[in-house]
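Reviewing the structure listed below.
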Amino acid sequence: MSVPHLNRKLVLEAAQRRPDGAGGATLEWQALGEVWAAVKAGSGRAREGAFVTLASVPYRIVVRAAPVGSPRRPRPEQRFRDGARVFRILAVADDDPAGLYLTCFTREEVAA
């Protein structure tokens with residue numbers, strides 16, 4: 001196994017629902033902390049909508065492992081942020097037999 005080159009600092013975020021005062025809720029993203037990551041892009045695609053084109057690119061993001069249940073361990077439905085870029089986490093799996101790294105399967109979607 002080769003050691004991943006963790007050369008990008010990303011912010012791990014989780015969604016929080018807040019009451020909007022009118023019986024509903026708004027979704028706010030709260031930073032959980034920063035992680036160093038190796039980011040690899042997959043094949044992208046574009047989808048035409050009525051008023052916008054949505055470009056979608058899958059990414060594999062490798063980070064250091066954290067114990068199950070730790071707030072530092074990424075989970076599906078959380079996301080990584082790199083400045084204005086957002087990578088939605090779809091699934092998380094062990095990257096190596098020793099459990100030192102995790103692979104996060106993510107998707108970046110950009111309106112063009």
Side-chain angles (χ1 to χ4, degrees):
M1 181 199 102
S2 63
V3 176
H5 185 60
L6 308 179
N7 62 347
R8 290 186 50 189
K9 190 188 299 188
L10 304 176
V11 177
L12 178 62
E13 297 180 332
Q16 302 292 321
R17 295 201 182 279
R18 306 271 187 231
D20 65 4
T26 60
L27 194 64
E28 295 178 4
W29 289 92
Q30 175 183 3
L32 301 177
E34 295 177 331
V35 295
W36 285 96
V39 180
K40 287 192 148 193
S43 299
R45 66 181 182 149
R47 197 171 60 228
E48 297 278 334
F51 300 102
V52 68
T53 299
L54 184 64
S56 177
V57 180
Y59 282 83
R60 286 184 182 213
I61 298 179
V62 178
V63 298
R64 283 189 179 84
V68 173
S70 168
R72 295 189 61 235
R73 186 180 177 97
R75 294 189 325 258
E77 301 307 320
Q78 292 180 335
R79 69 184 191 180
F80 292 112
R81 178 176 290 282
D82 183 9
R85 298 177 71 185
V86 174
F87 304 92
R88 185 170 45 100
I89 301 172
L90 305 173
V92 179
D94 288 332
D95 186 65
D96 61 294
L100 299 175
Y101 299 96
L102 298 171
T103 297
C104 300
F105 299 89
T106 70
R107 183 162 301 279
E108 180 185 31
E109 294 179 343
V110 179

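Keep in mind that this is a model prediction, so the values were computed, not measured.
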What's the spacing between [X] [atom1] and [Y] [atom2] if we round to 0.5 Å?
X: L90; Y: R107; atom1: CG; atom2: CZ; result: 6.5 Å
X: R73; Y: C104; atom1: CZ; atom2: SG; result: 8.5 Å
X: H5; Y: W36; atom1: NE2; atom2: CH2; result: 9.5 Å
X: I61; Y: L6; atom1: CD1; atom2: CG; result: 11.5 Å
X: E77; Y: R88; atom1: CD; atom2: CZ; result: 7.0 Å
X: K9; Y: D82; atom1: NZ; atom2: CG; result: 11.0 Å

Do [X] and [Y] sit in the same hydrophobic cluster, where Ile, Leu, Val, Met, Phe, Trp and Tyr count as joined when their side-chain heavy atoms come under 4.5 Å apart?
X: L32; Y: L10; value: yes
X: V86; Y: F105; value: no
X: L100; Y: V62; value: yes

> Take atom CZ in R85; do more than 12 heavy atoms of anything else shown fall under 6.0 Å from it?
Replying inline: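 Enclosed.
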>> Within a 6.0 Å radius of atom CZ on R17, are there more than 12 heavy atoms belonging to other residues, nucleotides or ligands?
In response: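 It does not: R17 CZ has 12 such atoms or fewer within range.
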Can you confirm whether [X] sits close enough to [Y] that some side-chain heavy atom of one is under 4.5 Å from a side-chain heavy atom of the other?
X: R64; Y: V35; result: no
X: F80; Y: R8; result: no
X: L102; Y: D94; result: yes
X: T106; Y: I89; result: yes
X: L12; Y: V63; result: no

Nearest heavy-atom neighbours spanning [X] and [Y]:
X: A15; Y: L27; answer: CB-CD1, 3.4 Å
X: A38; Y: N7; answer: CA-OD1, 4.5 Å
X: Q78; Y: E13; answer: CB-O, 3.2 Å
X: V57; Y: G42; answer: CG1-O, 3.9 Å

>> Can you confirm if the NZ or CZ of R81 lies within 45° of the ring axis of W29 and under 6.0 Å from the centre of its six-membered ring?
In response: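 No, R81 does not sit over the ring of W29.
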